[in-house]
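In each ligand, atom 1 is the first atom listed, and ligand 1 is the first ligand listed.
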Amino acid sequence: MTEHAHSFRALLVTRDEATKVQSCALTHLTDADLMDGDVTVQVEWSTVNYKDGLAVTGKSPVVRKFPLVPGIDFAGTVIASTNPAFSVGDSVLLNGWGVGEVHSGGFAGHARVKGDWLLKRPDGLDARSAMAIGTAGYTAMLAVMAIEAAGVTPGSGPVVVTGAAGGVGSTAISLLAKLGYTVAAVTGRPEEADYLKGLGASEIIDRAELAGPAKPLAKERWAGGIDSVGSTTLANVLSQTRYGGAVAACGLAGGMDLPTSVAPFILRGVSLLGIDSVNAPTARRTEAYRRLMTDLDHGKLAAMTREIDLADVPAAAVDILAGKVRGRTVVKVS
Ligand code: NDP
């Protein structure tokens, strides 16, 4: 195993132990500053997910070990390994597993992690595209797989996607449209209607329509749903879901609460499917990436992706929490 003594750029989250206030700054680290692991990766690209926004700004206690390099996902090349499954030169990616939360992550030139957390990148998936998908896109794929497994097919009826112009939402729309589903996009940004239609949405719904308190049961509209908003939005989606439909809950951009009733479940047989990307088993991740290689329109993925430098991440973190980011943001790390 070769240790690299030279320094690399990194974002570092530190905490003042007296005031418990955390801050994040661009600095230089060496491999000696990294945490334990059996594989070291030269990080080429990372990305800004909603959770990275929370971690970098400190708005929620996502970072639980200090000092720590944030960044819940990355893609790059193995530069040192004592793990028999990985060799120097392997092209890899990582999503989740507590990286960027309790283990230093993707916003640095190098990352040292457990090899068990890494996936070899599928043939044809370069590091930048892997991060254009990122945890948001991989989560969207898990959500599509979940509603499919619950029996929702393109013939069942329309599928609603909330938080539509965000990362999970944009990728979910693109995936569902390519698979032949009719997709309704719920957004607070009507100015993004053309963008959402370009991804494959056939109907645009103002998020205000789903923002108020939900009735126990409302008019049946959706065969399925993919929700990244939570709170009253998810409650309204559930009460509008048709008999036997299924809704995947991915996120909490609108709130952690869920003010619903049991009516959709016991009177319409609706299923609420929980989606967790962080600790999903490796076989499920591998299947998700296999599907992303065939079922995601990579031209649309490129069109929904913008590129920033590592130094721009703190500003992008503020923007994503303000709901101002459209689609996906990739970060050029080294
Ligand atoms: P983004 O910020 O890119 O997208 C979230 C979208 O939600 C926004 O673009 C906006 O869409 C909508 N939104 C934001 N604030 C509100 C609000 N107050 N009320 C209603 N809608 C709102 O984030 P991501 O796509 O990266 O992540 C989405 C959610 O999914 C987050 O909560 C994230 O933590 C979660 N997540 C969960 C994962 C898991 O493993 N379960 C993995 C990845 C993400 P618009 O402008 O179109 O209305």
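Near D276, with a cut-off below 4.0 Å to any heavy atom, the atoms of ligand 1 are 40 (O). Of all atoms in ligand 1, numbered sequentially from 1 with element shown, those under 4.0 Å from a heavy atom of S277 are 39 (C), 40 (O), 42 (C). Residue-ligand proximity, G251 to ligand 1, at heavy-atom distances under 4.0 Å covers atoms 29 (C), 30 (O), 32 (O), 35 (C). Short contacts between ligand 1 and S228, defined as distances under 4.0 Å to a heavy atom of the residue, involve ligand atoms 28 (C), 29 (C), 30 (O), 32 (O). Which parts of ligand 1 touch G167 is read off a 4.0 Å heavy-atom cut-off, strictly below it: atoms 1 (P), 3 (O), 4 (O), 25 (O). Every atom of ligand 1 is numbered from 1 in the order shown, and the set under 4.0 Å from a heavy atom of G163 is 6 (C), 7 (O), 11 (O), 12 (C), 47 (O). In summary, the atoms of ligand 1 found under 4.0 Å from a heavy atom of G254, numbered by their order in the structure, are 17 (C), 18 (N), 19 (N). In summary, the atoms of ligand 1 found under 4.0 Å from a heavy atom of L252, numbered by their order in the structure, are 32 (O).
Donor-acceptor pairing under 3.5 Å is lacking for the side chains of T82 and D38. Inspection of the T135 and D73 side chains reveals an N or O donor paired with an N or O acceptor under 3.5 Å. The closest side-chain donor-acceptor pair between S170 and Y195 falls under 3.5 angstrom.
Here the shortest heavy-atom pairing between P259 and A235 reads O-CB, 3.4 Å. The shortest non-hydrogen separation linking V63 to A55 is CG2-CB, 3.7 Å. Between M145 and A288 the shortest heavy-atom distance is SD-CA, 3.8 Å.
Regarding atom 5 (C) of ligand 1, its nearest protein heavy-atom neighbour is A253 CB, 4.0 Å. What sits closest to atom 4 (O) of ligand 1 on the protein, heavy atoms only, is G166 CA, 3.2 Å. In terms of protein heavy atoms, atom 48 (O) of ligand 1 is closest to G188 N, 2.7 Å. For atom 42 (C) of ligand 1, the nearest non-hydrogen atom of the protein is T139 OG1, 3.0 Å. R207 NH2, 3.7 Å is the protein heavy atom nearest to atom 10 (C) of ligand 1. Looking only at protein heavy atoms, the nearest one to atom 27 (O) of ligand 1 is Y50 CB, 3.6 Å. Given atom 9 (O) of ligand 1, the protein heavy atom at minimum distance is R189 NH2, 3.0 Å. When hydrogens are left out, the protein atom nearest atom 36 (N) of ligand 1 is C250 O, 3.6 Å; that is the closest non-hydrogen contact.
Not one N or O of G323 is nearer than 3.5 Å to an N or O of ligand 1, by distance alone. Considering backbone and side-chain N/O atoms, K51 never comes within less than 3.5 Å of an N/O atom of ligand 1.
Of the charged side-chain nitrogens involved, at least one lies within less than 4.0 Å of a carboxylate oxygen, so that R291 and E148 count as a salt-bridged pair.
By the salt bridge (Lys or Arg N to Asp or Glu O under 4.0 Å) test, D257 is found to be paired with no residue, residues two or more places apart in sequence or in another chain being considered.
At least one side-chain heavy atom of I133 sits under 4.5 Å from a side-chain heavy atom of L296.
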Go through the steps to decide whether R290 and E287 satisfy the test salt bridge (charged side-chain N to carboxylate O under 4.0 Å, His left out), and finish with yes or no.
CA-CA 5 Å; R290 189 191 69 72; E287 174 59 7; 2.9 Å; yes
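If you run side-chain hydrogen bond (donor to acceptor under 3.5 Å, both in side chains) between H110 and each of D33, T30, D31, only D31 comes through.
If you look at V229 next to ligand 1, the close heavy atoms, those under 4.0 Å, all belong to the side chain.
A parallel orientation is assigned to the rings of Y138 and Y289, their planes being inclined by less than 30° (bins at 30° and 60°).
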